[in-house]
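Worksheet: the structure to be examined is printed underneath.
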Amino acid sequence: MNTYGRFPIALERGEGCRVWDTDGREYLDFVAGIATCTLGHAHPALVETVTKQIQKLHHVSNLYHIPEQEKLADWIVANSVADKAFFCNSGAEANEAAIKLARKYAYKVLHMTQDPVIITAKASFHGRTLATITATGQPKYQKDFSPLVSGFEYVPYNDIQAIEETLSKNPQTVAIMLEPLQGEGGVVPGEREYFLHIRKICDQTGILLILDEVQTGMGRTGKLWGYEHLGIEPDIFTSAKGLAGGIPIGAMMCKKSCDVFEPGNHASTFGGNPLACAAALTVAQTLEKENLLQNVQERGEQLRGKLQAIALKYPHLFTQVRGWGLINGMELKEDSSTTSLDIVKAAMEEGLLLVPAGPKVLRFLPPLIVSAPEVEAAVQILEKVLEKGRKSW
Ligand SMILES: *Cc1c(COP(=O)(O)O)cnc(C)c1O
């Protein structure tokens, strides 16, 4: 169906941070399936695990215990603030599970008699199902799909006063759902003071803090989870994209205090199958074995430093470079006629894959295994592209 505005290339092979198209052209991949290919392409550990697991057992129903799923849940619980995990297949589905859990919590624990409200942020992104486009505070994703799901209110991100006002107008609020750093909305990091304030409100009122870590989780930001940058703990958080390095998976985690689902409340046929969970476990083990969090921090600093130098060289084009670890954005001037898509297309022609985060932000999401020379090579391609475009941009 006509759902994607696709670029005119087809990718057929990858290795590490490089991919090749069907004409044999090579690209440096700073998209990584949109923050998904954590270990890059064809990582030997992931290849081995997936091959062995599919030869052994790839799928069984959640009617039975699944050892790989239990091991993955144990790893997440040992390496996050969560006590419990539910597995599904995508970010939207993980967020749907979080929304359902919060609603059940409203009735069961808070004994609400009115319909509960979940507050989300403007410019957020939470997925493409009906509930998650409703949670997504961007009208462009909601247009033509009404009626939307009821029970959502929106606030500007990083604005303490706005959340206070919205809370006082909505006493039936059960949860505040936010990204630790807004990804699709333009690579906007959450502010520590804002999140500390929200945590305090939640502690005082019993409202749940849900963090959507679908893009920020699994090491992308240089810490395992984005919330570690903010000095707070969520009650519920979700993961998907990078969790199994490109094998489809989603997960919704919560603390014991809001673990209110009972058998029959929620389910997913594919969710948590042996193949996806074995892949995620291998991603987890490889993060540890290859010390990738440190690589993400170092390569992130290297990349931001270089991008900042480029931004200074083209002050009529760029305003700001921002991000955490290996999720970084370069913002274009609002009044420039150049869009992020213009630069993405030109970079692709020169062998560098990038992705926009909205019309005015260029996004850099290399695999977490990216090396210093590869960061250098990507930056050189970008410089070449900007030099070539100097006259028209
Ligand atoms: C990509 C994304 C989603 C949606 O994930 P899907 O797997 O495409 O459903 C949700 N939230 C955030 C923050 C995302 O970046």
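Both counts, for ligands and for their atoms, begin at 1 and track the order of listing. Predicted, not measured: the structure shown is a model, and the values here were computed from it.
Looking only at heavy atoms of the protein, atom 6 (P) of ligand 1 is closest to G91 N, 3.4 Å. Of the protein's non-hydrogen atoms, the one nearest atom 11 (N) of ligand 1 is D212 OD2, 2.7 Å. Ranking the protein heavy atoms by distance from atom 14 (C) of ligand 1 puts K241 NZ, 2.9 Å first.
Per-residue contacts place E179 under 4.0 angstrom from the following atoms of ligand 1 (heavy atoms of the residue considered): 13 (C). Interface atoms of ligand 1 facing N95, defined by a heavy-atom separation under 4.0 Å, are 10 (C), 11 (N). Counting the atoms of ligand 1 from 1 in the order shown, those under 4.0 Å from a heavy atom of A92 are 4 (C), 5 (O), 6 (P), 9 (O). Atoms of ligand 1 lying under 4.0 Å from at least one heavy atom of S90, given by number and element, are 7 (O), 9 (O).
By the 3.5 Å distance cut-off applied to N or O atoms, E93 is not counted among the residues near ligand 1. Considering backbone and side-chain N/O of G127, none are found under 3.5 Å from N/O of ligand 1. Note: no N/O pair closer than 3.5 Å links V214 and ligand 1 by distance alone.
Between Y227 and W225, the ring planes are parallel. Angles under 30° get that label, and only those over 60° would be called perpendicular. The aromatic rings of W324 and H229 lie parallel to each other, with less than 30° between the two planes, well short of the 60° mark.
With respect to R18 and E15, no salt bridge is recorded, no charged nitrogen being found less than 4.0 Å from a carboxylate O. Ion pairing between R299 and E374 fails under the 4.0 Å rule for side-chain N and carboxylate O. A salt bridge does not link E331 to K360: none of the charged nitrogens lies less than 4.0 Å from a carboxylate oxygen. Electrostatic pairing of R199 and D235 counts as a salt bridge here, judged by a charged N lying under 4.0 Å from a carboxylate O.
With a 4.0 Å cut-off on non-hydrogen atoms, H126 touches ligand 1 through its backbone and not its side chain. If you look at A240 next to ligand 1, there are no close heavy atoms at all, none under 4.0 Å. Neither the backbone nor the side chain of T132 has any atom closer than 4.0 Å to an atom of ligand 1 (non-hydrogen atoms only).
Taking a distance limit of 4.0 Å, we find that atom 8 (O) of ligand 1 is approached by no protein heavy atom.
Looking only at atom types and distance, the side chain of N265 has no donor-acceptor partner in the side chain of K100 under 3.5 Å away.
Considering every non-hydrogen atom in both A311 and V321, the closest pair reads CB-CG2, 4.2 Å.
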Exercise for review: Test salt bridge (Lys or Arg N to Asp or Glu O under 4.0 Å) on E349 and K345 and set out the steps.
Suggested key: CA-CA 7 Å; E349 304 245 308; K345 283 179 179 162; over 6 Å; no

